[in-house]
Amino acid sequence: MEIVVCIKQVPDVPTVRMDRERMTIIREGVESVINPLDYIALEAALELRQKAGGHVCIITMGPVQSEVALREALAVGADQAILLTDPDFAGADTLATSHVLARAIQKIEPFPDLILCGMQTTDSDTGHVGPQIAEELGLPQVCGVNEIHREGKFLVVKRLSDGFVDTVKVTLPTLLTVTKGLCPVRDLPLGALEAAFSTKDVLEWNMTDLDLKKEEVGFAGSATQVRRLRTPPPRGSGDIIEGPPDVLVGHLLRRLEALSILDEEDEKK
Amino acid sequence: MKKNRLSDSIWVFGDYRNYFQNRVTLQLIAKGKELAKELDKQLIAVVLGDQVHQYAMEYVAHGADVVVAGEDPGLMEYQVDTYTAVLARWVEAFKPQILLAGATSFGREFFPRLAKRLHTGLSADCVALDVEKDTGLLVQTTPSFGGELLAEVVTPDHKPQMATVHPGIFRELPHDPDAFGCIIYPEIGPLPEIRVKRMRTRPQQTHDIRLEDAAVVVAGGIGLGSKELFGMLSELADLLGGDVGATRPAVYAGWAEEERLLGQTGKNVRPKLLISVGTSGALQYTTGIQGAETIIAINRDPNAPFFKIADLGLVGDAVTVLPLLLDALRKRV
Ligand SMILES: Cc1cc2nc3c(=O)[nH]c(=O)nc-3n(C[C@H](O)[C@H](O)[C@H](O)COP(=O)(O)OP(=O)(O)OC[C@H]3O[C@@H](n4cnc5c(N)ncnc54)[C@H](O)[C@@H]3O)c2cc1C
Ligand SMILES: Nc1ncnc2c1ncn2[C@@H]1O[C@H](COP(=O)(O)O)[C@@H](O)[C@H]1O
């Protein structure tokens with residue numbers, strides 16, 4: 001089975017801090033990681049390859065630094081990696097991102113049987129890119145998958161959807177977005193990352209390689225624009241009470257009465 | 001502007017699965033109507049299925065000016081391929097300005113594909129919608145970085161302006177049995193073949209929780225330290241006629257089901273009263289609860305960030321405060 005996994009390098013959320021004055025992300029000290037759900041997609045691809053044979057190809061669209069994410073994926077066991085990078089790709093929303101990724105997937109030979117994405121990223125958090133690649137390539141899609149079985153020309157997959165557990169059968173080629181619970185993430189073997197840097201190649205495709213025009217990609221190819229960034233509105237703080245437990249409980253009961261959640265007590269205790 | 005027109009209006013996608021629990025469509029009809037008033041447009045609900053008349057009537061009773069309905073046995077199941085085909089066709093025919101759906105699992109799977117087919121923008125899981133004064137554009141406020149940041153997004157040059165909206169953010173209008181509206185049934189056109197075939201569907205356990213609708217929510221965090229202490233929250237909630245919510249670490253600890261998770265990656269609640277015990281007040285959590293009218297916090301650390309947003313903060317140890325509170329309440333109610 002030929003599998004393409006789309007991965008994105010994202011800031012490691014616990015290291016992200018906000019500059020509240022300027023409403024921006026503080027870049028210093030922020031580490032980058034493979035989006036956690038994309039890592040799960042990669043693991044799922046490797047597991048399918050183990051059972052069904054074939055190849056796993058990793059692609060990412062991003063600045064040149066994203067090559068590190070691809071190297072890590074190679075170290076874990078991917079066969080091939082392609083970096084889609086071009087100064088004009090910057091500022092892309094999901095419409096423009098999915099266009100570049102779909103175009104790159106069309107150029108991969110042979111055309112994959114399966115495309116895997118994460119269900120969503122931790123930074124932009126939209127979950128749009130997977131379904132939008134599927135739409136551009138005319139493929140069926142299933143989102144939020146947490147179990148995959150192969151049955152001949154079909155995949156039987158499970159997913160949680162609005163309080164229901166669905167089991168669906170989908171024709172290949174197809175695109176799935178995966179969520180946690182799919183498979184455990186294994187540790188990198190010692191030395192594998194170094195080996196991935198020295199032995200395996202990362203292909204690099206830019207706008208010309210993909211036969212794209214400036215107005216189709218990046219900021220110019222995006223339909224949405226961010227007007228401004230802000231932090232959630234603050235809520236003022238109220239009374240803060242310190243004291244022994246019975247005093248605290250007394251305060252709480254009085255507040256419940258004031259809110260008419262408890263009836264007022266007739267007599268004093 | 002010509003008000004009584006189907007085109008150029010505000011559309012809300014009708015998601016009626018689990019009608020009694022999933023109220024997001026009704027919430028969006030209410031909000032959409034507000035936007036429609038501001039822009040002098042009609043609010044239109046769209047509904048697809050094999051028998052949709054009763055839902056169409058409900059949408060009218062909850063404020064829709066017009067319902068655009070499609071009835072066909074092939075539309076019985078919520079399927080991304082078929083729903084995209086029909087809605088894309090109708091959007092091209094009627095050209096709505098704005099198209100909204102609830103950020104349910106289905107909404108979040110369906111709308112990206114539809115937006116791509118229509119070659120327009122989409123924002124995800126919005127927590128606010130406003131009209132920009134000078135341009136009349138829809139300002140879509142969407143959280144990123146797990147709710148640390150809110151981005152205000154617009155779609156200036158593409159139509160429709162599309163957004164999925166977090167359930168529980170807006171309030172539905174009361175049911176008005178006398179409301180007047182019209183229901184139209186445009187031609188559906190051919191449906192695509194089914195490539196994703198449903199084999200089995202079973203309800204997830206505890207899916208019947210209606211946390212979003214509870215007037216009182218009692219939430220617990222990892223600070224409770226044990227499943228037993230967390231369990232006391234259920235009794236507290238029962239005594240106050242409410243329901244139980246949890247932070248991410250408490251869910252991870254196995255004290256509460258995922259369905260009870262509050263916050264950016266969980267549910268948004270807007271109860272009359274929220275009591276939060278043993279929670280530090282991380283932004284990812286507080287984004288989900290700050291719509292509560294009154295927030296009471298119990299935490300033993302006087303410097304817990306949560307006290308900054310609480311209306312009443314009690315500095316104390318849950319181990320002693322909770323049993324005492326339960327005793328007092330058992331005597332009272
Ligand atoms: C991308 C992302 C998304 C996230 N989404 C969510 C989300 O949707 N919802 C969510 O909840 N979290 C979410 N989180 C996690 C979030 O950042 C916090 O880690 C979490 O909310 C903290 O939970 P807590 O308050 O239970 O635990 P802690 O932060 O550990 O706080 C425990 C508190 O309990 C107090 N305490 C301890 N013992 C006692 C006692 N005996 N009596 C009283 N008080 C006591 C402590 O003083 C402390 O303040 C997300 C994180 C990321 C990175
Ligand atoms: N720049 C990118 N390069 C490669 N894959 C991406 C990129 N952006 C998003 N994806 C894929 O699409 C999924 C959903 O991303 P998002 O729509 O940003 O939440 C991710 O988990 C990735 O699998």
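A note on names: the letters A, B, ... follow the listed sequences, proteins ahead of strands, and every chain is numbered from 1.
- In this structure, B:Leu312 and A:Ile241 have side chains that are in contact, with non-hydrogen atoms separated by less than 4.5 Å.
- Distance NZ/A:Lys169 to CE/B:Met199: 5.5 Å, rounded to 0.5 Å.
- Counting all heavy atoms, side chain and backbone alike, B:His158 lies closest to A:Ser222 at CE1-O, 4.2 Å.
- Pairing each heavy atom of A:Val142 with each of B:Glu109, the nearest pair is CA-OE2, 3.5 Å.
- Between chain A and the residues B:Thr120, B:Val216, B:Leu122, B:Thr286, the most heavy-atom pairs under 4.5 angstrom are made by B:Leu122.
- Put simply, the side chain of A:Asp263 does not reach to within 4.5 Å of the side chain of B:Arg332, judged on heavy atoms.
- Looking at B:Lys116 and A:Leu95, their side chains come closer than 4.5 Å, going by heavy atoms from C-beta outward.
- The residue among A:Leu155, A:Asp93, A:Thr94, A:Leu259 with the most heavy atom pairs within less than 4.5 Å of chain B is A:Leu259.
- For A:Phe219, the CZ atom is loosely surrounded, since the number of other residues' heavy atoms within 6.0 Å does not exceed 12.
- For the pair A:Val168 and B:Lys197, the minimum side-chain heavy-atom distance is 4.5 Å or more.
- For chain B, the option among A:Val156, A:Leu256, A:Thr126 with the highest count of heavy-atom pairs below 4.5 Å is A:Thr126.
- Separating the OG1 atom in B:Thr294 from the CZ atom in A:Arg255 is a distance of 6.5 Å, to the nearest 0.5 Å.
- The part of B:Ile298 that comes within reach of chain A is its side chain, from C-beta onward, which places non-hydrogen atoms under 4.5 angstrom from that chain.
- The minimum heavy-atom distance linking B:Thr320 with A:Pro245 is given by the pair OG1-CG, 3.7 Å.
- Atom NE2 of A:His128 is separated from atom CE of B:Met162 by 8.5 Å, given to the nearest 0.5 angstrom.
- The choice from B:Ile275, B:Asp157, B:Leu273, B:Leu322 that makes the most heavy-atom pairs within less than 4.5 Å of chain A is B:Leu273.
- Considering only heavy-atom pairs separated by less than 4.5 Å from chain B, the leading option among A:Gly238, A:Gly243, A:Pro140 is A:Pro140.
- With a 4.5 Å cut-off on non-hydrogen atoms, B:Pro302 touches chain A through its side chain but not through its backbone.
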| message | Let's go through B:Leu329 and A:Leu253 carefully: what are the C-alpha distance in whole Å and the side-chain angles of both, what is the deciding distance for side-chain contact (heavy atoms from CB on, under 4.5 Å) to 0.1 Å, and is it a yes or a no? | response | CA-CA 8 Å; B:Leu329 284 174; A:Leu253 294 176; 3.8 Å; yes
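- Annotation: side chain of B:Arg108 is not in contact with side chain of A:Cys143 (no heavy-atom distance under 4.5 Å).
- For B:Thr141, the part lying under 4.5 angstrom from a heavy atom of chain A is the side chain only.
- For the set A:Val170, A:Leu248, A:Leu262, A:Thr171, the count of heavy-atom pairs under 4.5 angstrom toward chain B peaks at A:Leu248.
- When every heavy atom of B:Ala328 is checked against every heavy atom of A:Val249, the shortest pair comes out as CB-CG1, 4.2 Å.
- Interface residue A:Ile261: only side-chain heavy atoms are found under 4.5 Å from chain B.
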| How far apart are the C-alpha atoms of A:Leu229 and B:Glu152, what are their side-chain angles, what is the distance that settles it, and do they pass the side-chain contact (heavy atoms from CB on, under 4.5 Å) test? | CA-CA 6 Å; A:Leu229 294 173; B:Glu152 295 182 355; over 6 Å; no
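- Contact annotation for B:Leu239: neither backbone nor side-chain heavy atoms come within less than 4.5 Å of a heavy atom of chain A.
- For the set B:Val321, B:Asp317, B:Thr104, the count of heavy-atom pairs under 4.5 angstrom toward chain A peaks at B:Thr104.
- Smallest separation of non-hydrogen atoms from A:Ala223 and B:Gly121: CB-N, 3.3 Å.
- Proximity to chain B is limited to the side chain of A:Gln120, based on heavy atoms less than 4.5 angstrom apart.
- Using a 3.5 Å distance cut-off with no hydrogens or angles, the side chains of B:Thr201 and A:Asp166 do pair a donor with an acceptor.
- Proximity to chain B involves both the backbone and the side chain of A:Ser98, based on heavy atoms less than 4.5 angstrom apart.
- For B:Ile296, the part sitting under 4.5 Å from any heavy atom of chain A is the side chain, from C-beta outward, and nothing else.
- Contact of the B:Arg198 side chain with the A:Thr167 side chain is not registered, since no non-hydrogen atoms from C-beta on lie closer than 4.5 Å.
- Contact check for B:Val153 versus A:Arg227: no side-chain heavy atoms found under the 4.5 Å cut-off.
- A donor-acceptor contact closer than 3.5 angstrom is absent between the side chains of A:Gln132 and B:Arg113.
- Looking at B:Leu137, the atoms closer than 4.5 Å to chain A (heavy atoms on both sides) all sit in the side chain, from C-beta outward.
- Interface remark: of the candidates B:Arg195, B:Gln140, B:His119, B:Gln161, B:Arg195 forms the most heavy-atom pairs closer than 4.5 Å to chain A.
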| field | Pair A:Thr224-B:Val154, side-chain contact (heavy atoms from CB on, under 4.5 Å): steps then yes or no | value | CA-CA 6 Å; A:Thr224 56; B:Val154 290; over 6 Å; no
